[in-house]
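Below is one structure, written out as structure tokens; the observations come after it.
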Amino acid sequence: MELTRIQHTSISFISSFALRCAVDLDISGLIQAHGRPMPLNELARSIPIPPEKDSMLCRLMALLVHQGYFVQSEAGYQLTPVSEHISSEGADVGAYVRLVTEVQLLKDWDRLSDVLKDTSKCTLIDKLYEGKQFFEVVKEIPKFGTLYNEAMASTSKSLMRGLLASYPHIFDGINSLVDVGGGTGTAARIIAEAYPRLKCTVFDLPHVAQNAMKTDSIDVVGGDMFQKIPPADAIFLKNVLHDWADEDCIRILKRCKEAIKSSKNGGKVIVVDIILDFENDDPKVTETSLLLDISMMCLHGSQERNKQEWHDIILGAGYSGYKIYPVQLGVYSVIELCP
């Protein structure tokens, strides 16, 4: 069993690319459009692939069925709640799969040992792109920028739906909200649709914000969160702070605190991020969190944080208190900060 465990970990990258193959072939979308269990031969012809490769598709589907992405009966293949998230008509998390399996971003993972031995504070991205930071690469290479924006938008759809279903009270008592690092505005649109009275602002770097769409209920502002954040009753930070080192997080949180109009009318900062050790006994969630922590370390030189580390940066930024809500969003938690 020891050997099997080592083999499983060593070849588990195949699972990532099997899933990427299913995304590229739009297998979830084809099965969804079929409207009933889809036999292998009909799936193969719909892709389409040559008949002589039907057996290869069958073997790919066997792995994906085993992993819970699809179910199989005598009538054919059907979606599961997981694969519904991958389909273009669902949350389209396939965009996230494409980003994390992008070959250019995977090239130097075999040099992780070199990074650990290096006396500088370099990351894998530093080594791959000659000292440039991740977000510099995203800005300078349009393909990466598009991949990144699409991936963040796709995960936002799924995450925001879960947030609104689990914690609808989180937006009570506020009339305006700024989504810091809001990308192309996916989260703000979902919030605005759920709370039409709430005026939302998407705030991101100018080259990112220019791709967000203004509406009657959504404004778009380009700027630098390290300098100044537009004022609002609430500041929203989703998947932002784990990209940054502790000292940078404290600076960002201080700018957020300055931007809050008034704590009397429900003024607060809402953080959606990962807490490594918070009320979780699901081994898959724990492992996913730890994998994301290694990813942050290698791509950004940052980290996922445990409760004590979150406590330190929140109080270090001068907040009077905070509340953490129980995990109902997979690897994510919600932290409500009081100015």
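- Hydrophobic clustering, with ILVMFWY side chains joined whenever heavy atoms are under 4.5 angstrom apart, groups L292 together with V100.
- For the pair N211 (side chain) and T184 (backbone), a donor-acceptor distance under 3.5 Å is absent.
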Test side-chain contact (heavy atoms from CB on, under 4.5 Å) on T186 and K157; report intermediate values, then the result. CA-CA 7 Å; T186 300; K157 292 177 185 177; 3.7 Å; yes
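- Once rounded to the nearest 0.5 Å, the distance linking SG of C200 with CD of E193 reads 10.5 Å.
- In this structure, L163 and V272 have side chains that are in contact, with non-hydrogen atoms separated by less than 4.5 Å.
- Side chain of T80 to main chain of Y69: a donor-acceptor pair is present (N/O by atom type, distance under 3.5 Å, no hydrogens or angles).
- Surrounding CG of D110 are more than 12 heavy atoms belonging to other residues, nucleotides or ligands, all under 6.0 Å away.
- Criterion: ILVMFWY side-chain heavy atoms under 4.5 Å apart, direct or through other members. Under it, L205 and V180 are not part of a common hydrophobic cluster.
- V137 and L105 fall within the same hydrophobic cluster, where Ile, Leu, Val, Met, Phe, Trp and Tyr residues are linked whenever their side-chain heavy atoms come under 4.5 Å apart, directly or through other members.
- With hydrogens and angles ignored, the 3.5 Å screen pairs no side-chain donor or acceptor of S83 with any backbone N or O of I86.
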Donor-acceptor contacts, no H, no angles, side chain residues 236-250, under 3.5 Å, sequence neighbours left out:
{"residue": "K238", "atom": "NZ", "partner": "S156", "partner atom": "OG", "Å": "2.6"}
{"residue": "N239", "atom": "ND2", "partner": "Y332", "partner atom": "OH", "Å": "3.4"}
{"residue": "H242", "atom": "ND1", "partner": "E304", "partner atom": "OE1", "Å": "3.3"}
{"residue": "H242", "atom": "ND1", "partner": "E304", "partner atom": "OE2", "Å": "2.9"}
{"residue": "D246", "atom": "OD1", "partner": "R305", "partner atom": "NE", "Å": "3.0"}
{"residue": "D246", "atom": "OD1", "partner": "R305", "partner atom": "NH2", "Å": "2.9"}

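- For the atom pair SG (C256) and CD1 (I229), the distance works out to 3.5 Å, reported to the nearest 0.5 Å.
- Formation of a donor-acceptor pair under 3.5 Å by the S154 side chain with backbone atoms of A151 is found in this model.
- Taking CE from M296 and OG from S302, the interatomic distance works out to 5.5 Å, rounded to the nearest 0.5 Å.
- Other residues, nucleotides and ligands contribute only 12 or fewer heavy atoms inside 6.0 Å of the NE2 atom of H66.
- Here the straight-line distance linking atom CG of L30 with atom CG of D26 works out to 5.0 Å at 0.5 Å rounding.
- The backbone N or O of M225 sits nowhere less than 3.5 Å from a side-chain atom of R251 that would complete a donor-acceptor pair.
- A continuous path of ILVMFWY side-chain contacts below 4.5 Å connects I313 to L337, so both sit in one hydrophobic cluster.
- No more than 12 heavy atoms of other residues, nucleotides or ligands shown are found within 6.0 angstrom of OH on Y96.
- Among residues two or more places apart in sequence or in another chain, the salt bridge (charged side-chain N to carboxylate O under 4.0 Å, His left out) test is passed with E136 by none.
- For the ring pair (Phe, Tyr, Trp, His ring centres under 6.0 Å) test, residues two or more places apart in sequence or in another chain that qualify with H311 are Y322.
- A ring pair (Phe, Tyr, Trp, His ring centres under 6.0 Å) check over residues 139-177, counting only residues at least two apart or in different chains, returns the pairs F134-Y148, F135-Y148, Y167-Y325, H169-Y325, F171-Y195.
- The environment of K139 atom NZ is sparse: at most 12 non-hydrogen atoms of other residues, nucleotides or ligands sit within 6.0 angstrom.
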Can V115 and K121 be said to form a side-chain contact (heavy atoms from CB on, under 4.5 Å), step by step? CA-CA 8 Å; V115 171; K121 292 185 177 181; over 6 Å; no
Go through it in stages, so that I can follow the logic: the residues are V71 and Y77, the test is side-chain contact (heavy atoms from CB on, under 4.5 Å), and I'd like the CA-CA distance, side-chain angles, deciding distance and then a yes or no. CA-CA 6 Å; V71 292; Y77 300 104; over 6 Å; no
Starting from the C-alpha separation in whole Å, work towards a yes-or-no answer on salt bridge (charged side-chain N to carboxylate O under 4.0 Å, His left out) for K228 and E258. CA-CA 8 Å; K228 186 177 181 180; E258 293 167 1; over 6 Å; no
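- Scored by the side-chain hydrogen bond (donor to acceptor under 3.5 Å, both in side chains) test, Q308 finds D312 as partners (sequence neighbours excluded).
- Two residues are said to be in side-chain contact when any heavy atoms from C-beta on lie closer than 4.5 Å; E309 and Q303 meet this criterion.
- Note that CD1 of I174 is 5.0 Å distant from CG of L198, once rounded to the nearest 0.5 Å.
- In this structure, L57 and I27 have side chains that are in contact, with non-hydrogen atoms separated by less than 4.5 Å.
- Using a 4.5 Å heavy-atom cutoff, the side chains of Q104 and I141 are not in contact.
- To the nearest 0.5 angstrom, D293 atom CG is 9.5 Å from C298 atom SG.
- In this view, K143 and E102 satisfy the salt bridge (charged side-chain N to carboxylate O under 4.0 Å, His left out) rule, not counting sequence neighbours.
- With sequence neighbours left out, the salt bridge (charged side-chain N to carboxylate O under 4.0 Å, His left out) criterion links D108 to R111.
- At least one side-chain heavy atom of M297 sits less than 4.5 Å from a side-chain heavy atom of L112.
- The side-chain contact (heavy atoms from CB on, under 4.5 Å) check on K117 picks up D114, with sequence neighbours excluded.
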Contacts under 3.5 angstrom, residues 11-25 side chains, donor-acceptor by atom type, not counting sequence neighbours:
{"residue": "S12", "atom": "OG", "partner": "T9", "partner atom": "O", "Å": "2.9"}
{"residue": "S15", "atom": "OG", "partner": "Q67", "partner atom": "NE2", "Å": "2.8"}
{"residue": "R20", "atom": "NE", "partner": "D24", "partner atom": "OD1", "Å": "3.1"}
{"residue": "R20", "atom": "NE", "partner": "D24", "partner atom": "OD2", "Å": "2.9"}
{"residue": "R20", "atom": "NH1", "partner": "R98", "partner atom": "O", "Å": "3.4"}
{"residue": "R20", "atom": "NH1", "partner": "T101", "partner atom": "OG1", "Å": "2.9"}
{"residue": "D24", "atom": "OD1", "partner": "R98", "partner atom": "NE", "Å": "3.4"}

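- Contact check for R255 versus F226: no side-chain heavy atoms found under the 4.5 Å cut-off.
- Applying the salt bridge (charged side-chain N to carboxylate O under 4.0 Å, His left out) criterion to D219, with sequence neighbours excluded, gives K214.
- Under the 3.5 Å distance criterion, the side-chain polar atoms of S28 are left unmatched by any main-chain donor or acceptor of E84.
- By the 4.5 Å heavy-atom criterion applied to side chains, V202 and I218 are counted as neighbours.
- Residue pairs meeting the salt bridge (charged side-chain N to carboxylate O under 4.0 Å, His left out) criterion with at least one member in residues 322-339, sequence neighbours excluded: K268-E336.
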Go through the steps for I275 and I324 under the test side-chain contact (heavy atoms from CB on, under 4.5 Å), then give the verdict. CA-CA 10 Å; I275 301 180; I324 302 175; 3.7 Å; yes
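- Residues V93 and L164 share a hydrophobic cluster, clusters being chains of Ile/Leu/Val/Met/Phe/Trp/Tyr side chains in contact below 4.5 Å.
- Residues I260 and D233 form no side-chain contact, since every pair of their non-hydrogen atoms from C-beta on lies 4.5 Å or further apart.
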Which pairs of donor and acceptor atoms, one on a side chain in residues 38-54, lie under 3.5 Å apart (sequence neighbours left out)?
{"residue": "E42", "atom": "OE1", "partner": "H34", "partner atom": "NE2", "Å": "3.3"}
{"residue": "R45", "atom": "NH1", "partner": "D54", "partner atom": "OD2", "Å": "3.3"}
{"residue": "R45", "atom": "NH2", "partner": "I49", "partner atom": "O", "Å": "3.0"}
{"residue": "R45", "atom": "NH2", "partner": "D54", "partner atom": "OD1", "Å": "2.7"}
{"residue": "S46", "atom": "OG", "partner": "E42", "partner atom": "O", "Å": "2.8"}

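- At most 12 heavy atoms of other shown residues, nucleotides or ligands fall within 6.0 angstrom of atom CZ in R59.
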